[in-house]
Asks: 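Please find one structure pasted underneath; my questions will follow.
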Amino acid sequence: MNTNGTPPHFKQIHRPFLLIIIILVACFIGRIMFWYGFDPNLLQLAILFIICLLATGATWVWLWNRRTANYMQTLDAAIERAMHDQPPLTNYEETALSSMEHKLKRYIGIAKTNERIIQTEKNKIKELISDISHQTKTPLSNIMVFSQLLEEIPGLDENVRYYVQHIQAQSDKLDWLIQSLIKLSRLETGMISLQQMEAKPLIQTLTKALSQVYAQAENKQITINIDCGTHILACHDVKWTSEAIFNLLENAVKYTPHSGQISILAETNEMFTCIQLTDTGLGIPSEEIPHIFKRFYRGKQAREFEGVGIGLFLSREIITAQGGHIKVSSEAGKGTTFSVFLPKR
């Protein structure tokens with residue numbers, strides 16, 4: 001809408017009509033001249049007729065524009081009052097504008113009620129997650145401590161020691177699963193707010209994620225190459241982005257055989273900073289690629305390894321929450337490449 005309140009498309013409608021009127025008037029004058037020849041009195045009368053016609057049309061257009069502008073201003077004021085929960089502007093008049101205003105007011109009221117309900121449910125979920133975290137932490141910690149103490153008893157039977165080691169392994173797995181589910185639930189319900197997004201060097205985030213899988217990679221004699229200059233920046237939350245990258249690296253180490261290779265390449269373009277993580281692991285069959293980011297999904301080959309299928313889902317949620325996205329390309333038996341795109345600003 002322009003400064004006088006007239007929508008631009010009305011001008012686009014008026015111009016063709018004005019052109020049509022001019023053409024019709026010109027045809028009319030030409031026909032009169034053809035029939036009666038050149039007559040000054042007739043020409044003056046035709047000019048007077050044209051002036052009256054144009055004046056009438058211009059007046060009608062001005063009145064229409066004024067009426068439209070007033071209607072739009074009234075509608076804008078009604079919407080503004082409805083948004084701020086003020087008394088209605090039309091006072092329940094039986095007009096289309098009054099009906100529209102009260103429907104809008106009712107819709108905004110329903111939306112605010114739903115927003116309050118959603119916020120209440122989030123608070124309940126927050127309390128539930130906190131309770132679960134608190135109630136499971138103590139007994140699980142006790143299980144882990146007592147299993148370690150039991151393992152340290154001298155002269156322990158080998159079968160008993162074997163069972164104790166399995167209890168420790170399953171306790172560690174259960175602890176990791178609970179922590180992952182709590183993180184995921186908090187992220188999905190908005191309980192975890194990402195820090196203010198600023199352009200930060202990416203090398204620190206990659207190093208932080210890499211440090212958590214370095215020991216596992218060294219045990220399998222996996223070579224990790226990283227190519228990321230100190231000048232490469234990305235707008236991201238360091239803590240949560242390193243968590244997402246760690247999940248991808250952990251999968252790469254897990255599914256890459258002994259003496260394999262993992263490469264990390266960071267590149268930047270106009271809009272995004274791209275992190276490519278390439279491994280020489282098992283690869284992913286093409287029919288499974290559309291499903292790998294689903295919660296608890298595990299491919300046929302992945303079922304032979306430890307895991308519950310939540311890492312990729314959590315990584316995608318973290319990256320998406322920051323305005324980025326993840327792509328994957330893979331071929332069974334030839335490795336996998338995950339491409340993480342983070343906004344530059």
Side-chain angles (χ1 to χ4, degrees), residues 140-141 143-145 147-152 156 158-181 183 202-228 238-266 275-285 288 292 296-315 318 326 328 330-340:
L140 188 57
S141 298
I143 292 172
M144 297 173 72
V145 169
S147 62
Q148 290 174 1
L149 293 175
L150 185 60
E151 188 181 24
E152 294 174 0
L156 192 65
E158 287 300 322
N159 289 332
V160 176
R161 191 178 300 278
Y162 174 78
Y163 295 141
V164 170
Q165 289 174 352
H166 270 273
I167 291 173
Q168 290 178 339
Q170 295 303 315
S171 298
D172 291 338
K173 181 178 178 181
L174 183 59
D175 181 56
W176 178 86
L177 177 60
I178 291 172
Q179 295 304 320
S180 296
L181 289 174
K183 289 177 186 177
L202 197 59
I203 185 64
Q204 299 175 4
T205 305
L206 295 179
T207 303
K208 184 176 181 180
L210 188 58
S211 64
Q212 301 178 67
V213 299
Y214 184 78
Q216 302 172 33
E218 192 174 42
N219 290 337
K220 297 180 67 175
Q221 298 181 345
I222 294 174
T223 303
I224 299 180
N225 299 313
I226 181 169
D227 183 2
C228 176
V238 174
K239 176 184 175 182
W240 284 102
T241 305
S242 64
E243 178 82 19
I245 301 299
F246 160 71
N247 289 334
L248 299 177
L249 285 173
E250 186 182 41
N251 278 354
V253 172
K254 184 189 301 181
Y255 301 124
T256 298
H258 282 73
S259 302
Q261 289 187 347
I262 297 174
S263 62
I264 304 171
L265 173 64
I275 309 166
Q276 288 188 337
L277 293 92
T278 304
D279 62 58
T280 56
L282 301 176
I284 306 171
E288 293 183 0
I292 62 173
F296 300 119
Y297 179 82
R298 304 201 72 204
K300 295 179 181 179
Q301 298 182 86
R303 292 168 191 169
E304 301 175 5
F305 299 83
E306 288 287 335
V308 292
I310 201 174
L312 291 181
F313 180 80
L314 184 58
S315 293
I318 293 171
I326 300 180
V328 58
S330 183
E331 187 175 348
K334 295 186 178 180
T336 303
T337 297
F338 283 95
S339 300
V340 178

Asks: Would you please name every residue forming a salt bridge (charged side-chain N to carboxylate O under 4.0 Å, His left out) with Glu218, sequence neighbours left out?
Replies: none
Asks: Which distance, rounded to the nearest 0.5 Å, do you find between the CD1 of Ile224 and the CD1 of Ile264?
Replies: 6.0 Å
Asks: Testing the basics here: between Thr337 and Gln276, what is the closest heavy-atom pair and its distance to 0.1 Å?
Replies: CG2-CB, 4.4 Å
Asks: With rounding to the nearest 0.5 Å, note down the distance linking CG in Leu206 to CD1 in Ile245.
Replies: 6.0 Å
Asks: Quick check for you: to the nearest 0.5 Å, what is the distance between Leu249 atom CG and Tyr214 atom OH?
Replies: 13.5 Å
Asks: Looking only at non-hydrogen atoms, find the nearest pair between Ser315 and Ala244 and report the distance.
Replies: OG-O, 2.9 Å
Asks: Look only at the side chain of Lys220 and the backbone of Lys254, and say whether a donor-acceptor pair between them is shorter than 3.5 Å.
Replies: yes
Asks: Run the side chain to side chain contact (heavy atoms under 4.5 Å, CB included) test against Leu312 and tell me which residues pass, sequence neighbours left out.
Replies: Leu248, Asn251, Ile292, Phe293, Phe338
Asks: By side-chain hydrogen bond (donor to acceptor under 3.5 Å, both in side chains), which residues pair with Ser171, not counting sequence neighbours?
Replies: none
Asks: Return the set of residues passing side-chain hydrogen bond (donor to acceptor under 3.5 Å, both in side chains) with Glu243 (not counting sequence neighbours), or none when no residue passes.
Replies: Lys183
Asks: Quick one: pull up CG in Asp227 and CD1 in Ile275 and give me the separation to the nearest 0.5 Å.
Replies: 12.5 Å
Asks: If I compare all heavy atoms of Ala209 with all of Ser242, which pair ends up nearest, and what's the gap?
Replies: CB-O, 3.5 Å
Asks: For residues 159-166, please give each side-chain donor-acceptor pair under 3.5 Å, one per line with the distance, not counting sequence neighbours.
Replies:
residue	atom	partner	partner atom	Å
Arg161	NH1	Glu151	O	2.9
Tyr162	OH	His166	NE2	2.9

Asks: Who are the side chain to side chain contact (heavy atoms under 4.5 Å, CB included) partners of Ser211, not counting sequence neighbours?
Replies: none
Asks: Quick one: closest heavy-atom pair of Ile222 and Val253, and the distance?
Replies: CD1-O, 3.8 Å
